[in-house]
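For reference, the structure discussed in these notes is given below.
Below, read A as the first sequence line, B as the second, and so on, with proteins coming before strands; counting in each chain starts at 1.
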2 protein chains.
Amino acid sequence: MKEVFKSIDTQSLVDKVEDSLINLLHERKLKVGDSIPKELELASALGVSRTVVREALMRLRMMGLIDTRKKKGAVITSPDIFGNLAKSLNPYILSDDTLKEIFEIRLVLEVGMADLLFSHVTDGDIKELKEIVKNEPLSAKHRMFEASYEIAFHGKLYQITKNETLKKFQGLLLPIFDFVEKSSIFKPIPGTQKFTSHKQLITILEKGTPEEFRNGMRNHLENHFARLRLNKGGK
Amino acid sequence: MKEVFKSIDTQSLVDKVEDSLINLLHERKLKVGDSIPKELELASALGVSRTVVREALMRLRMMGLIDTRKKKGAVITSPDIFGNLAKSLNPYILSDDTLKEIFEIRLVLEVGMADLLFSHVTDGDIKELKEIVKNEPLSAKHRMFEASYEIAFHGKLYQITKNETLKKFQGLLLPIFDFVEKSSIFKPIPGTQKFTSHKQLITILEKGTPEEFRNGMRNHLENHFARLRLNKGGK
DNA sequence: TAACTTTATTATGTCATACATAATACTAAA
DNA sequence: TTTAGTATTATGTATGACATAATAAAGTTA
């Protein structure tokens, strides 16, 4: 790690100001609602033009750290972590490999969330889940038709975890899941069959254990796992 | 959903230009490496000032959609989804509830990633894991000292999944895990005890099944789960 | 005094212009 | 053909100006 040349700053002015501003937030331990100095004040204090300050402030705003309003100035906000991520998570821009990886993450989450489900699930949740699957078609023939049930059922599971961050994350990834399933990234599995059903999962959630649920969900998602295995060559 | 007033655009000019640019990317199906028009060209084409175009371009850059270089202009890049998220994921700014939720997500991921591990793990990986835990202290007394082993071991697991997106996500969350463990957000658990050890997990990964690994990992993380249960009142 | 209306202020949003800088393309010399 | 130097060009930064909207202040009415 020894560097002969002193690492010259390849950073642009905006980068530096951005860092300064973030440091400002930390040092002063500013809380939500607090306001930071005006653009012109910052510009003169930091010795740069208002242009640079504005660009740096815009970055903070994109990160969800601040919210700027006319006259009022910029105020600290509780950052919506994934809020800004949504735009860059566009399936048309992401590479196929990345899309596959995101799809994998979904499987990981749903298999792993069993404990959260069991520690938060209520009778009302069970009732809702049963309502969702009540009219679900038994056969796996109408895949397209089934999609809405899939989303409703699995979405409800995320909601049961009472983990807002996780729920937001899922909402973010949903269009990607949809895209991946419909796209030709994955070769279809011949002779797709049903494994553990939604109804069975509900029964486990109602009367079983997290361990059983994990295995049930793993089995339920077997078709997806199989597609991943079949399409491993791509990497 | 009926609206009496036609929804006036509360968007700023920059917002609109941003949308226009993203649409441009989609419509033209631009690939990585392709370049987009110069700032001045965009400005005149869209009928706004260069300032506005620049701010919009900066947003795209923050999203990781483009990379701008002098003289060359802006070129499409393969977006690093989580790269730009890092700065806003600052523990000092996130609320305690959000921090807890992120911590939960870690647990979910590690319990759920068993299948990915088994489908990618190599002999070399097993060897590396064994190397990591070789000098690991047996007792749980030196918690601070143990931290580095924890990070090395669990980090290696993420790496074994061969899922770059997941690995990046973990790298992103790591400072948060660290912060949460050290902070007083969680009350400590009296009489913390060891459950499934790292060594046992390796053995399962080498000779066992995904199902066994999930349960082993769940058990291994029991202390963390217990802390979550104990601190549930906060919400 | 309290509630409402109008006016004034202020800080951000947008625009225009100018120059600096660095990366590229071009040209000339060896 | 390679290298070195030069010119070009698009972004980076600075400055000044005005528009706009949100707030604060002042004024009015009951």
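In terms of the ring pair (Phe, Tyr, Trp, His ring centres under 6.0 Å) criterion, residue partners of B:F153 (sequence neighbours excluded) are, by chain and number, B:H198. Applying the side chain to side chain donor-acceptor pair (under 3.5 Å) criterion to B:K167, with sequence neighbours excluded, gives B:Q170. With sequence neighbours excluded, the residues that form a side-chain contact (heavy atoms from CB on, under 4.5 Å) with B:P37 are B:L24, B:E41, B:L42. With sequence neighbours excluded, the residues forming a salt bridge (charged side-chain N to carboxylate O under 4.0 Å, His left out) with A:E110 are A:R106, listed by chain and number. Legend: residues meeting salt bridge (charged side-chain N to carboxylate O under 4.0 Å, His left out) with A:R69, ordered by chain and number and at least two apart, are absent. Annotation: salt bridge (charged side-chain N to carboxylate O under 4.0 Å, His left out) contacts of B:D178 (sequence neighbours excluded): B:K182. Applying the side chain to side chain donor-acceptor pair (under 3.5 Å) criterion to A:K156, with sequence neighbours excluded, gives A:D125, A:E128. Under the side chain to side chain donor-acceptor pair (under 3.5 Å) criterion, B:E131 pairs with B:K134, sequence neighbours left out.
Atom pair A:M58:CE and C:dG13:P shows a separation of 7 Å (rounding to whole Å applied).
Side-chain contact between B:V133 and B:Y149 is absent, with no heavy atoms from C-beta onward closer than 4.5 Å. The shortest distance between side-chain heavy atoms of A:L157 and A:M217 falls below 4.5 Å. A:T161 has its side chain out of reach of B:V108: every pair of non-hydrogen atoms, C-beta onward, lies at least 4.5 Å apart.
By the 4.0 Å N-to-carboxylate-O rule, B:R59 lies close enough to B:D15 to be salt-bridged with it.
The stretch residues 36-46 of chain A has no heavy atom under 4.0 Å from DNA chain D, so no residue of it qualifies as close. Contacts between residues 48-56 of chain B and DNA chain C, defined by a heavy-atom separation below 4.0 Å, involve B:V48, B:S49, B:R50, B:T51, B:V52, listed by number.
An end-to-end axis angle of 10° holds for the helix from C:dT1-D:dA30 to C:dA30-D:dT1, taken from five base pairs per end and rounded to 10°.
Contact footprint of chain A on DNA chain D: nucleotides with an atom under 4.0 Å from a non-hydrogen protein atom, first to last in 5' to 3' order, D:dT13 to D:dT23.
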